[in-house]
Structure formats: structure tokens, C-alpha cells
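Report on one structure; see the data block that follows.
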Amino acid sequence: MPRPAAPDLAPAVNEWFADAARPLPWRAAEVSPWAVLVSEFMLQQTQVDRVLPRWEAWIRRWPTPASLAAEPAAEAVRAWDRLGYPRRALWLHRAAVEIVERHGGEVPRGVDELLALQGVGPYTARAVAAFAFGVRVPVVDTNTRRVIARAVDGNAEPAPPSTARDLAAMSALLPESPHEARAFNAAAMELGATVCTARAPQCGVCPVSDRCAWLRAGSPAYDGPRKPKQARFAGSDRQVRGLVMRELRAAHRPVTRAEIMGIWADAVQLERAISGLIADGLAVETGEGMTLPEA
DNA sequence: TAACCGTGGGT
DNA sequence: TACCCAAGGTT
């Protein structure tokens with residue numbers, strides 16, 4: 001399925017990026033691959049502004065994989081605070097252990113080795129390879145998908161994610177030079193995050209507005225398949241799990257059954273949440289009560 | 001593979 | 001208010 005010849009986006013986007021890039025600390029030249037990996041874990045489904053303070057504190061406390069691996073998982077979950085999806089904290093801790101055990105404490109540079117780490121998927125593996133090590137690989141996140149959907153395909157929104165298709169599309173745009181490729185991976189994401197946004201894109205300041213297929217077509221409304229609606233949060237199991245985790249993080253001692261029962265009226269749903277957290281390894285039941293995992 | 005997994009900001 | 005969206009990954 002040949003796609004239409006892609007416009008040459010990289011030079012203009014990279015030129016724009018050189019000036020417009022936000023000074024995010026994990027982009028600084030001196031940050032370690034580990035610090036980049038931590039940022040990528042935290043940024044999974046979580047906005048930059050909420051990540052910044054947690055990342056700073058995390059890197060200060062655990063500057064290497066070994067320093068994190070040496071601590072109980074409970075400390076990672078506490079330091080994660082309210083970033084959400086706390087199993088990411090568990091997975092990051094596990095990944096640190098795997099890096100120590102399998103890679104001598106050094107974050108691996110290859111996509112395959114990175115993919116084998118707990119909690120590292122197609123996006124994170126390539127992001128670390130590209131941004132921490134300068135490897136020339138396509139990196140595709142939700143922002144890049146949207147930029148390509150508009151500028152190349154002429155659609156207001158991307159089709160449902162497909163790793164193979166998305167990577168092929170980005171590969172077709174990626175400059176040959178590793179240096180330029182690395183910049184373009186970051187620049188495409190930045191463009192999607194700050195200009196080519198999901199709502200109210202700022203086409204007036206877009207560096208590729210002169211060759212954007214979507215703009216050229218008159219910015220037609222999206223008519224493809226709708227994304228599945230996210231289930232409502234209020235009253236959900238997610239909310240209950242979050243409340244239980246908040247309690248476990250705050251208490252530096254076992255939380256009794258009676259205390260747990262006080263945080264949600266629906267006992268059946270609360271029991272389901274607790275069982276799920278235990279099954280996920282985010283909580284453990286002891287004779288004294290519930291705690292965060294020490295292992 | 002579709003459903004599940006937190007939390008908060010923007011509109 | 002209610003809904004959409006967010007540097008995804010796992011099962």
C-alpha cells in the first residue's frame with residue numbers, strides 16, 4: 001500500500017525546533033540514559049507539567065539504576081506519588097533490577113534489549129535509543145501520529161495506532177543523518193504537543209503550514225472510526241484503586257482492614273479493588289494489614 | 001485484541 | 001457538567 005509521496009517535513013520542522021523547543025530538563029546534554037529512561041516512563045500518558053517535579057526528585061534520589069534497584073519497590077511507588085498508573089513505578093523498579101542483573105547496571109542501547117525490559121514498549125524503547133544514545137530509529141508517539149495524519153495524510157486525526165504502520169510512516173520522513181534524525185524525532189513530537197495539537201491547532205505559526213495536506217484540503221473534519229470512549233472515572237474501580245493506593249502511600253505502617261473499609265462505601269467494589277491491587281503486586285496483605293510491596 | 005490501568009488539566 | 005485528552009504498556 002504505497003502512501004502518497006511524503007512532503008519533506010524534517011528540515012522545516014527541525015529549524016523550527018531549534019528555536020521553539022521547550023527547555024525540558026531531560027533533554028539537556030549531560031543527562032544520563034537512565035534519567036532519560038525515567039522521564040519516558042513518567043511521560044507515558046502523563047503530561048509534562050505534572051512529570052517535571054517528580055522527575056527532578058527521582059533523579060536526585062536515584063541517580064543510577066543500581067541505586068533504585070537496591071531499594072524496596074515500596075519506595076518507588078511512594079516517590080511516584082500521584083503521577084497515576086502506579087504500576088509504572090513498579091515496572092520502573094523492576095526494569096532497574098533487570099538492568100543491574102542483565103546489563104551490569106548500564107541502560108542498554110539497543111531497541112531489542114530495551115524492549116525486553118519490564119514496562120518498556122515500542123515507544124519507550126525507541127525513545128531511549130534515539131534520545132539517550134543517538135541511535136537512528138523512528139520514534140512515534142501520539143503527537144507524531146497526529147502530525148503525520150495531518151501533514152502527510154490530510155486527516156484531522158490519526159487512524160487507530162498500528163506500530164508497524166506508524167513506524168513505516170515515520171521512517172519515510174526520517175533524515176539520513178543520525179543527528180538530524182534524532183532532532184526530527186523530538187521535533188515532530190514537540191510540534192504535535194505545542195502547535196499541531198488535538199484541539200485548536202495553531203496552524204498560523206506552524207512551520208509546515210505551506211505543505212500540510214490537511215490544511216491544503218481545507219482542514220476537513222475527521223470522518224474515520226471514533227476512538228473508544230474512555231470509561232467514566234468517577235465511581236470506577238480505577239478511582240477506588242487510586243484511593244486505596246493513596247492510603248497505602250501515606251501510611252508508613254500496615255493499614256488495618258477496618259481503616260481500608262472506611263475509604264469507600266461499596267464493600268464489594270472495594271474488595272475487588274484490593275484483590276486487583278494485590279494481584280498486580282501493588283499491595284500485599286500481612287497479618288497486621290495491608291502495605292506497599294517491600295520486594 | 002479489546003479492555004484495563006490513575007490523575008489532572010483544558011474546554 | 002461532562003467529556004476529551006495526555007511522550008503507552010500489558011494481558
Side-chain angles (χ1 to χ4, degrees), chain A residues 17 21-22 24-27 35-55 77 80-92 94-95 114-132 138-147 156-158 160-164 166-167 170 182 184-194 196-202 222 225-249 272-273 275-283:
Chain A
F17 184 64
R22 293 167 293 176
L24 303 179
W26 43 84
R27 286 179 181 156
V36 173
L37 179 64
V38 171
S39 78
E40 297 299 348
F41 263 85
M42 291 184 169
L43 287 163
Q44 291 168 8
Q45 296 286 283
T46 304
Q47 301 91 331
V48 165
D49 288 347
R50 290 205 294 141
V51 165
L52 283 167
R54 292 296 100 224
W55 180 84
V77 173
W80 198 258
D81 197 31
R82 287 186 298 182
L83 282 180
Y85 292 142
R87 40 185 180 191
R88 288 184 294 162
L90 217 50
W91 291 341
L92 180 53
R94 197 169 308 160
L114 287 161
L115 277 173
L117 298 174
Q118 181 65 48
V120 174
Y123 164 75
T124 302
R126 289 175 177 79
V128 171
F131 301 142
V139 181
V140 180
D141 78 328
T142 187
N143 294 302
T144 298
R145 262 194 297 277
R146 186 171 51 250
V147 168
E157 296 178 27
S162 154
T163 300
D166 297 339
L167 290 177
M170 187 59 171
R182 180 185 186 283
F184 184 59
N185 277 318
M189 289 169 59
E190 186 81 347
L191 187 65
T194 64
C196 192
T197 50
R199 277 172 288 184
Q202 302 170 54
Y222 179 69
R226 298 269 44 164
K227 295 184 182 69
K229 284 184 290 281
Q230 199 173 43
R232 79 180 291 105
F233 180 70
S236 67
D237 285 5
R238 282 186 195 183
Q239 182 182 17
V240 181
R241 287 169 56 110
L243 291 172
V244 173
M245 289 305 294
R246 180 184 297 219
E247 199 72 23
L248 296 185
R249 284 194 309 265
R272 186 167 64 237
S275 302
L277 290 172
I278 292 173
D280 290 344
L282 282 165

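The figures that follow rest on heavy atoms only: side chains count, while hydrogens, waters and symmetry mates do not. Throughout, a chain's letter reflects where its sequence line sits, starting with A, and its residues are numbered from 1.
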**Item:** Set of side chain to side chain contact (heavy atoms under 4.5 Å, CB included) partners for Ala129(A), sequence neighbours left out
**Value:**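 Testing Ala129(A) for side chain to side chain contact (heavy atoms under 4.5 Å, CB included), a comparison that skips the adjacent residues, returns Val111(A), Leu114(A), Val135(A), Val137(A).
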Which is true for [X] with a 4.0 Å heavy-atom rule: it touches a base, it touches only sugar-phosphate, or it touches nothing?
| X | answer |
| --- | --- |
| Gly84(A) | base |
| Trp26(A) | base |
| Pro122(A) | sugar-phosphate |
| Arg146(A) | sugar-phosphate |
| Arg22(A) | base |
| Ala198(A) | sugar-phosphate |
| Pro86(A) | sugar-phosphate |
| Val139(A) | nothing |
| Leu24(A) | base |
| Thr144(A) | nothing |
| Thr142(A) | sugar-phosphate |

Sequence-distant partners of [X], salt bridge (Lys or Arg N to Asp or Glu O under 4.0 Å), two or more places apart:
| X | answer |
| --- | --- |
| Arg241(A) | Asp280(A) |
| Arg246(A) | none |
| Arg226(A) | Glu157(A) |
| Glu40(A) | none |

**Message:** Quick check: closest heavy atoms across Trp55(A) and Ala35(A), and the distance to 0.1 Å?
**Reply:**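 Closest pair (atom of Trp55(A), atom of Ala35(A), distance): NE1-O, 2.9 Å.
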Protein-nucleotide distance ([X], atom [atom1]; [N], atom [atom2]), rounded to Å:
| X | N | atom1 | atom2 | answer |
| --- | --- | --- | --- | --- |
| Arg88(A) | dG6(B) | CZ | P | 10 Å |
| Trp80(A) | dT7(B) | CH2 | C1' | 12 Å |
| Met245(A) | dC4(B) | CE | P | 20 Å |
| Arg87(A) | dT7(B) | CZ | P | 13 Å |

If I pick the [atom1] atom on [M] and the same atom on [N], what distance separates them, to the nearest angstrom?
| N | M | atom1 | value |
| --- | --- | --- | --- |
| dG8(C) | dT1(B) | C1' | 16 Å |
| dG8(B) | dG9(C) | P | 22 Å |
| dA7(C) | dT11(B) | P | 14 Å |
| dC4(C) | dA3(B) | P | 16 Å |

**Request:** Hey, which sits more toward the 5' end of DNA chain C by its nearest nucleotide, Gly119(A) or Glu157(A)?
**Result:** Glu157(A)
**Which residue lies more 5' along DNA chain C, comparing Gly192(A) with Leu117(A) via nearest heavy atoms** =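 Whichever sits nearer the 5' end wins; that is Gly192(A).
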**Item:** Side-chain H-bond candidate by donor/acceptor type, Gln202(A) with Thr197(A), under 3.5 Å
**Value:** no
**Item:** Under 3.5 Å side-chain donor-acceptor pair for Asp141(A) and Thr144(A)
**Value:** yes
**Message:** Holding to side chain to side chain donor-acceptor pair (under 3.5 Å), I want the full list of residues that pass it with Arg126(A), two or more places apart in sequence or in another chain.
**Reply:** none
Pairs under 3.5 Å (N/O, protein and nucleotides 8-11 of chain B):
unit_1	atom_1	unit_2	atom_2	d
dG8(B)	OP1	Arg82(A)	NE	3.2
dG8(B)	OP1	Arg82(A)	NH1	3.4
dG8(B)	N2	Gln47(A)	NE2	2.7

**Asked** For the side chain of Arg146(A) and the backbone of Gly192(A), is there at least one donor-acceptor N/O pair under 3.5 Å apart?
**Response** yes
**Request:** Would you kindly compare Pro228(A) and Leu83(A) by the position of their nearest DNA chain B nucleotide and give the one closer to the 5′ end?
**Result:**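 Checking each residue's closest nucleotide, the 5'-ward one belongs to Pro228(A).
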**Opening and closing nucleotides of DNA chain C in contact with chain A, under 4.0 Å to non-hydrogen atoms** = dC3(C) to dT10(C)
**Request:** Could you tell me which residues satisfy ring pair (Phe, Tyr, Trp, His ring centres under 6.0 Å) with Trp91(A), sequence neighbours excluded, listed by chain and number?
**Result:** none
